[in-house]
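Below, chain A is the first sequence line, B the second, and so on; all start at residue 1.
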Amino acid sequence: MNVPDISIYYFGAIALVLIGLYAALVKKNLLKILIGLSIMETGVNLLLISIGYVSGKSAPILSEGVGPTQAVDPIPQALVLTAIVIGVATTAMALSAVVLIYEKYRTLNVEEIRRLRG
Amino acid sequence: MNGETILPYLIIVPLFGAFSMPIISLAGRKAREAWAVIISGITLLVGSAVFHSVYENGPMLYTLGAKSPFGKANFPVRIVWEVDLLSALMVLMVTLVAFLAVLYSLGYMKHDTGLDKYYTLILILELGMLGIAITGDLFNFYVFLEIMSIASYALVAFRNDTWEGIEAGIKYMFVGSIASSLVLLGIALLYGQYGTLTMGYLAVKIAQNPTVVAKVALAFFIAGLLFKSGASPVHMWLADAHPAAPSSISAMLSGLVIKIGGVYALARILFSIYGSSVNMKTVGWVIIIFACITLIVGNAMAVIQTDMKRLLAYSSVGQIGYILLGIGIGLAAYGSRTGDIALAGAIYHTFNHALMKALLFLIAGAVIHELGTRNLNELSGLAKTMPKTTFAFLIGAAAIVGLPPLNGFASKWLIYESSAMFNPILATIAVIGTAFCTAAYVRVLYTFFGKPSEKVMNARDPDATMLWPMIILALAIIVMGLFPWQISDKVMIPVAKALENQLGYIATLMGGA
């Protein structure tokens with residue numbers, strides 16, 4: 001196994017998670033927060049995919065000359081597909097809520113969207 | 001009855017019910033309401049049957065995929081559902097409260113539009129919680145967690161013509177997404193380290209080789225699930241989201257979602273996956289510290305609220321503190337009698353609080369339905385015009401404070417007793433929390449029994465579909481309160497033992513059919 005190759009993906013994934021977390025916590029615009037959350041999810045997905053990656057193996061699709069030993073680990077790919085679908089659903093919901101927020105408040109700045117108190 | 005054959009119906013029935021709802025709604029409003037009640041009623045029956053079967057015959061295992069744990073290749077391709085006594089108790093709790101919430105919605109949501117979507121979402125919410133309770137696979141757990149979360153985001157923002165629902169919904173969504181990402185990150189790390197997602201195998205592998213990665217993953221799980229359960233430093237979303245939802249949904253969110261998606265999942269991961277392979281004392285103390293902050297902050301904030309539902313939401317935060325305290329002591333004093341009692345108290349309180357808080361939120365809903373306000377200053381003298389509702393509130397409030405003939409007394413007593421045995425300072429903190437809690441509820445009762453205001457004079461008790469769920473919950477609280485120690489000995493202590501019994505959890509997995 002070629003470790004240095006893999007570790008690039010790990011660093012990339014962790015960097016994406018941190019960038020996303022930074023955007024979600026620091027930014028004031030609702031859309032930017034949402035983008036941050038999406039980046040964070042992508043980072044986690046990349047981490048999962050790179051865990052299952054084996055250098056030099058092919059995609060886990062049953063075809064000629066590709067048996068179970070020549071393919072990469074298929075489970076993370078199935079997981080990531082599921083996670084992407086879940087992420088799409090969450091993002092779509094959040095975006096529709098952002099549209100409604102803009103109609104009600106005429107702003108996307110989280111500091112002005114603070115009518116709930118207590 | 002064979003438990004394994006009925007277990008999948010716990011998921012199939014609400015799933016089918018949810019997605020056939022838009023078609024059934026074409027036949028009109030009566031058909032839709034009947035369908036929602038029938039589906040959640042059948043789910044309640046299946047849930048009770050599962051609980052009965054697990055209580056009689058011990059834990060059950062249901063496999064999707066390879067039956068044998070070793071499979072044809074060198075790894076098994078399968079997902080397992082594993083139901084031990086704790087899961088079964090949670091299933092019973094979810095199906096019961098969800099059924100009552102659906103029943104209550106018939107009257108409460110009468111004047112809203114988009115009700116086919118409402119009933120679809122409420123069934124999906126129930127389905128997600130049931131899935132979390134029965135699953136024995138980490139990724140499957142994540143999927144059900146997200147099903148539950150997305151349904152609850154949508155339901156919090158259901159009344160999208162008001163700014164309140166949308167604002168609370170989007171806050172809940174952001175916090176919930178971060179928490180879910182943390183949980184998924186933990187799962188990814190564990191899979192990368194150990195190459196399996198089945199909770200039982202993970203327990204074996206972590207015990208054989210506890211690495212740093214496993215501990216980092218544990219930190220991610222604790223962080224994510226404390227977010228989801230509304231523990232104190234991150235409880236702000238809860239106080240916004242739970243009041244903004246329609247009251248029947250608030251009852252489910254406060255009564256069930258924060259427990260199943262937060263506390264239950266945390267207990268399952270801490271005890272069944274990690275168990276003795278981490279330093280339980282340290283992890284236990286981490287949970288205890290969060291618990292103490294939570295129960296003081298939650299109960300104290302409840303005292304100063306003027307919004308009735310917001311008061312109840314903060315009170316939920318406080319009660320989550322008690323449950324976490326029980327789990328933390330159960331972990332720190334693992335294996336001793338103190339630990340058993342604390343854990344039994346935590347589980348007992350989880351069940352009790354689901355009933356009490358569901359009742360209180362349903363009452364708040366009835367008050368809003370009649371008067372259109374939930375500001376406590378406008379509600380004085382409600383006892384004159386809504387006597388049944390006020391009486392139900394009296395029972396709920398007394399139970400949540402922990403007065404003797406009601407169910408809250410026994411569970412709180414177990415938690416006090418164990419914390420006093422473990423560390424007297426913790427018991428002091430718990431009692432101070434209860435003092436705040438008492439103050440908050442006495443204030444509401446004082447308002448209800450005060451001089452009637454003009455507005456209140458026109459109110460009356462709600463009609464049958466709203467009244468019956470409240471009566472059933474109040475009766476359950478009283479009946480459970482009559483047999484506190486029998487329930488504790490017959491159900492809660494065995495449940496706590498089942499949760500502590502990590503080897504039993506693994507053995508069920510290996511010996512499964």
Side-chain angles (χ1 to χ4, degrees), chain A residues 6 10 13-14 17 20-21 24-25 30 33-34 36-53 67-69 73-76 78-80 82-83 85-87 89-105 108 110 113-118, chain B residues 73-75 77 138-140 142-143 145-147 149-151 153-154 156-157 160-178 180-193 195-197 236 239-241 243-244 301 304-307 310-311 313-314:
Chain A
I6 295 284
Y10 287 161
I14 297 297
V17 170
L21 200 58
L25 296 179
L30 281 181
I33 294 177
L34 201 54
L37 289 176
S38 294
I39 293 176
M40 193 171 159
E41 260 174 31
T42 315
V44 179
N45 290 347
L46 182 61
L47 181 70
L48 259 173
I49 278 287
S50 44
I51 281 168
Y53 181 71
T69 46
D73 187 355
I75 292 177
L79 302 188
V80 167
T82 319
V85 172
I86 293 171
T90 321
T91 312
M93 268 230 22
L95 280 175
S96 60
V98 168
V99 171
L100 285 170
I101 284 267
Y102 189 74
E103 281 174 6
K104 298 272 187 295
Y105 293 78
L108 288 177
V110 280
I113 305 171
R114 273 174 182 262
R115 288 191 215 164
L116 288 171
R117 289 206 172 273
Chain B
N74 49 6
F75 60 94
V77 180
L138 261 186
F139 194 76
N140 201 231
Y142 173 74
V143 171
L145 184 74
E146 284 298 89
I147 290 175
S149 304
I150 293 175
Y153 306 152
V156 165
N160 60 11
D161 51 334
T162 62
W163 54 265
E164 191 194 358
I166 299 291
E167 183 185 331
I170 203 153
K171 277 186 187 169
Y172 186 17
M173 240 176 263
F174 284 161
V175 175
S177 305
I178 292 180
S180 301
S181 296
L182 291 178
V183 171
L184 184 58
L185 201 55
I187 293 171
L189 290 178
L190 278 189
Y191 183 78
Q193 183 68 38
T196 178
L197 289 164
M236 295 317 294
D240 290 339
M301 290 293 280
I304 57 170
Q305 301 303 319
T306 52
D307 180 329
R310 197 170 257 275
L311 185 149
Y314 271 114

**Residue B/L197 versus chain A: region with a heavy atom under 4.5 Å** =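 Side chain only.
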
**Asked** Which region of B/A154, side chain (C-beta onward) or backbone (N, CA, C, O), has a non-hydrogen atom less than 4.5 Å from a non-hydrogen atom of chain A, or is it both or neither?
**Response**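 For B/A154, heavy atoms of backbone and side chain both lie under 4.5 Å from chain A.
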
Quick one: [atom1] on [X] to [atom2] on [Y], what's the gap to the nearest 0.5 Å?
{"X": "B/D161", "Y": "A/E103", "atom1": "CG", "atom2": "CD", "value": "12.0 Å"}
{"X": "B/I166", "Y": "A/L100", "atom1": "CD1", "atom2": "CG", "value": "4.0 Å"}
{"X": "B/L182", "Y": "A/L21", "atom1": "CG", "atom2": "CG", "value": "7.0 Å"}
{"X": "B/F174", "Y": "A/L30", "atom1": "CZ", "atom2": "CG", "value": "5.0 Å"}
{"X": "B/F139", "Y": "A/L48", "atom1": "CZ", "atom2": "CG", "value": "7.0 Å"}
{"X": "B/M173", "Y": "A/L34", "atom1": "CE", "atom2": "CG", "value": "9.0 Å"}

**Request:** Quick one: do A/N45 and B/L184 satisfy side chain to side chain contact (heavy atoms under 4.5 Å, CB included)? Show the steps, please.
**Result:** CA-CA 9 Å; A/N45 290 347; B/L184 184 58; 4.2 Å; yes

**Message:** Heavy-atom pairs under 4.5 Å with chain A: which of B/A188, B/G165, B/S177, B/S149 has the most?
**Reply:**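 The option with the most such pairs is B/A188.
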
**Asked** Any side-chain heavy-atom pair from B/Y142 and A/T82 closer than 4.5 angstrom?
**Response**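 Not touching, per the 4.5 Å side-chain cut-off.
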
Compare every heavy atom of [Y] with every heavy atom of [X], then report the nearest pair and how far apart it is.
{"X": "B/I170", "Y": "A/A94", "result": "CD1-O, 4.1 Å"}
{"X": "A/A89", "Y": "B/I150", "result": "CB-CD1, 3.9 Å"}
{"X": "A/Y105", "Y": "B/E167", "result": "OH-OE1, 2.6 Å"}
{"X": "A/T90", "Y": "B/E146", "result": "OG1-OE2, 4.0 Å"}
{"X": "A/V44", "Y": "B/S181", "result": "CG2-O, 4.1 Å"}

Examine whether an atom of [X] lies under 4.5 Å from a heavy atom of chain B, and if so say whether it belongs to the side chain, the backbone or both; otherwise answer neither.
{"X": "A/V110", "answer": "neither"}
{"X": "A/L47", "answer": "side chain"}
{"X": "A/A24", "answer": "side chain"}

**Prompt:** Between A/L25, A/V17, A/V98, A/I86, which has the largest tally of heavy atom pairs under 4.5 Å with chain B?
**Reply:**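 Winner by heavy-atom pair count: A/I86.
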
**Item:** Test log, rule side chain to side chain contact (heavy atoms under 4.5 Å, CB included), inputs B/Y191 and A/I75
**Value:** CA-CA 10 Å; B/Y191 183 78; A/I75 292 177; 3.5 Å; yes

